[in-house]
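Below is one structure, written out as structure tokens; the observations come after it.
Basis for what follows: all heavy atoms, side chains included, without hydrogens, waters or symmetry-related copies.
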Amino acid sequence: MSASNGIKTVGLAPRLHNGFYGKDIISVRQFSREDLAYIFGVADEMRAVVKRVGSTDLLKGHVLACVFYEPSTRTSSSFIAAMSRLGGSVIPINEVRYSSVTKGESLPDTIRTLESYADVIVLRHPEVGASQVAAQYARKPIINAGDGVGEHPTQALLDLYTIQSDLGQIDGLHVAMVGDLRYGRTVHSLARLLCLYDVQMTFVSPEILRLPLDVMNELKAHGKSVRETYDVQDIIAEADVLYVTRVQRERFADQAQYEAVKDCYVITPELMQKAKERMIVMHPLPRVNEISYALDDDPRAAYFRQMENGMYIRMALLAAVLGKA
Ligand code: ASP
Ligand code: CP
């Protein structure tokens with residue numbers, strides 16, 4: 001098959017049917033290294049297509065339902081852009097307040113409704129496990145776009161893709177994750193995914209925002225040697241990747257506790273003077289105060305590249321789960 005713009009897409013077909021056709025994407029635990037190498041390869045192809053001609057008709061006639069029970073800028077709009085650039089259409093429910101959820105409709109009924117119209121559903125929800133529940137009711141693939149403090153698997157894929165693209169490798173790196181490791185679902189997913197690689201991980205947080213024990217135990221079960229510290233100065237000179245996160249105000253029951261830790265880390269150009277020349281600073285975004293704007297022009301600031309990569313990864317995932325060639 002060739003795209004409407006004449007770009008050959010036939011090479012995508014047999015591989016896309018392999019692992020993901022018709023599958024839900026709920027957790028990073030589903031992925032092997034081979035799967036990741038495959039998705040990253042397709043994402044590279046998607047990037048090339050977008051740079052050259054903007055779009056293809058690979059998913060023409062297919063419909064994506066994008067359902068967000070929590071706020072989003074990047075995840076929702078990059079999925080919408082991904083589907084549009086692949087020639088498909090989108091039902092965007094970015095604010096469930098204006099849907100029948102407000103009338104009391106349950107998650108299963110909402111999902112059953114949307115799958116009558118769409119071929120794949122992207123879901124963000126405040127409850128851990130909501131995507132898994134949705135997947136139990138749905139016949140169509142569900143893609144988890146963040147389930148409360150649980151996971152954010154597509155973010156972890158784009159995070160890892162960015163590390164691979166920017167540093168040329170994943171094995172052998174020292175990845176330091178900084179900030180709200182307790183409530184940050186992107187950290188939970190990325191740390192789990194990094195278990196597939198030979199990496200050193202350090203977790204930098206205040207005491208009340210430490211990585212949850214269940215995630216820590218998973219890393220240890222994979223034989224990872226992990227370090228924890230409160231002080232970013234301890235690791236700034238050693239890290240190859242500094243993965244900075246926002247303190248998740250909306251997850252705190254006690255706002256006074258949030259106020260006490262909200263500005264615990266701020267990455268500045270002064271701090272970066274101590275960092276390696278060949279390292280990257282990442283952030284899933286949105287940032288609040290954790291990274292100084294003065295850092296944005298530093299070539300080591302990878303967060304805008306990271307965000308762009310999200311669209312290529314999501315194009316690859318949509319094509320994969322729809323098994324389309
Ligand atoms: N956007 C990411 C998430 O939804 C990170 C964040 O909100 O801080 O998990
Ligand atoms: N990184 C991320 O998930 O961003 P949004 O919350 O804006 O979707």
Any salt bridge linking [X] with [Y]? Criterion: basic side-chain nitrogen under 4.0 Å from a carboxylate oxygen.
X      : Y      : answer
Asp166 : Arg305 : yes
Asp240 : Lys276 : yes
Arg29  : Glu218 : yes
Arg227 : Glu238 : yes
Lys103 : Glu105 : no
Arg33  : Asp171 : yes

**Request:** Look at the aromatic rings of Tyr258 and Phe252 and report parallel, tilted or perpendicular, splitting at 30° and 60°.
**Result:** perpendicular

I need the [X] [atom1] to [Y] [atom2] distance, nearest 0.5 Å.
X      : Y      : atom1 : atom2 : result
Leu123 : Tyr69  : CG    : OH    : 6.5 Å
Asn94  : Thr75  : CG    : OG1   : 10.5 Å
Arg210 : Thr229 : CZ    : OG1   : 11.0 Å
Ile93  : Cys66  : CD1   : SG    : 9.5 Å
Leu209 : Cys264 : CG    : SG    : 6.0 Å
Ile163 : Tyr243 : CD1   : OH    : 8.5 Å

Transitively linked via ILVMFWY side-chain contacts under 4.5 Å: [X] with [Y]?
X      : Y      : value
Met201 : Leu181 : yes
Tyr303 : Ile236 : yes
Phe40  : Leu158 : yes
Val63  : Met83  : no
Leu317 : Val90  : yes

Between [X] and [Y], is there a donor-acceptor pair closer than 3.5 Å when you use the side chain of the first and the backbone of the second?
X      : Y      : result
Thr186 : Pro284 : no
Thr245 : Asp180 : yes
Gln155 : His152 : no
Lys140 : Glu115 : yes
Asn144 : Ile26  : yes
Glu151 : Asp147 : no
Asp24  : Ile142 : yes
Lys220 : Met216 : no
Gln306 : His283 : yes
His188 : Val149 : yes

**Request:** Show the numbers, then the answer: is there a side-chain hydrogen bond (donor to acceptor under 3.5 Å, both in side chains) between Arg97 and Thr102?
**Result:** CA-CA 6 Å; Arg97 208 154 27 116; Thr102 304; over 6 Å; no

**Request:** Indicate whether the side chain of Tyr312 and that of Asp44 have a donor and an acceptor atom separated by less than 3.5 Å.
**Result:** no

Side chains of [X] and [Y]: does their closest heavy-atom pair fall under 4.5 Å?
X      : Y      : result
Val241 : Met282 : yes
Met315 : Leu58  : no
Ile267 : Met272 : yes
Tyr265 : Asn289 : no
Gln257 : Val261 : no

[X] and [Y]: which non-hydrogen atoms are nearest, and at how many Å?
X      : Y      : result
Val199 : Ile170 : CG1-O, 3.3 Å
Phe79  : Leu64  : O-CD2, 3.7 Å
Gly150 : Val128 : N-CG2, 3.6 Å
Ala130 : Leu107 : O-CD2, 3.7 Å
Leu196 : Ser32  : CD1-C, 3.9 Å
Leu219 : Ala191 : CD2-O, 3.5 Å

**Request:** Go through the steps to decide whether Asp296 and Arg287 satisfy the test salt bridge (Lys or Arg N to Asp or Glu O under 4.0 Å), and finish with yes or no.
**Result:** CA-CA 12 Å; Asp296 293 357; Arg287 74 175 140 180; 2.7 Å; yes

**Message:** Is it true that, when you exclude Arg249 itself, more than 12 heavy atoms of the residues, nucleotides or ligands shown sit nearer than 6.0 Å to its CZ?
**Reply:** no

**Prompt:** Counting only heavy atoms not in Phe304, do more than 12 sit closer than 6.0 Å to its CZ atom?
**Reply:** yes

**Asked** Should Leu173 and Gln169 be marked as a side chain to side chain contact (heavy atoms under 4.5 Å, CB included) after you check the CA-CA gap, both sets of side-chain angles, and the distance that decides it?
**Response** CA-CA 8 Å; Leu173 298 180; Gln169 66 186 85; 4.2 Å; yes

**Request:** Tell me, with the steps shown, if Gln233 and Lys274 meet side-chain hydrogen bond (donor to acceptor under 3.5 Å, both in side chains).
**Result:** CA-CA 9 Å; Gln233 297 280 357; Lys274 299 182 183 147; 2.9 Å; yes

**Message:** Evaluate Val281 against Ile291 for side chain to side chain contact (heavy atoms under 4.5 Å, CB included), listing each step before the verdict.
**Reply:** CA-CA 9 Å; Val281 179; Ile291 299 182; 3.9 Å; yes

**Message:** Which residue in the set Glu127, Glu250, Glu70 passes salt bridge (Lys or Arg N to Asp or Glu O under 4.0 Å) when paired with Arg185?
**Reply:** Glu70

**Asked** Step by step, would you call Arg246 with Tyr183 a side-chain hydrogen bond (donor to acceptor under 3.5 Å, both in side chains)?
**Response** CA-CA 10 Å; Arg246 171 179 72 93; Tyr183 298 121; over 6 Å; no

**Request:** Run the numbers on Ser205 and Arg182 for side-chain hydrogen bond (donor to acceptor under 3.5 Å, both in side chains), then give the verdict.
**Result:** CA-CA 9 Å; Ser205 73; Arg182 177 178 182 184; over 6 Å; no

**Audit row: Glu45, Lys51, salt bridge (Lys or Arg N to Asp or Glu O under 4.0 Å) steps and yes/no** = CA-CA 10 Å; Glu45 291 176 33; Lys51 297 283 181 212; over 6 Å; no

**Within the 6.0 Å centroid threshold, strictly below: Tyr230 and Phe203** = no

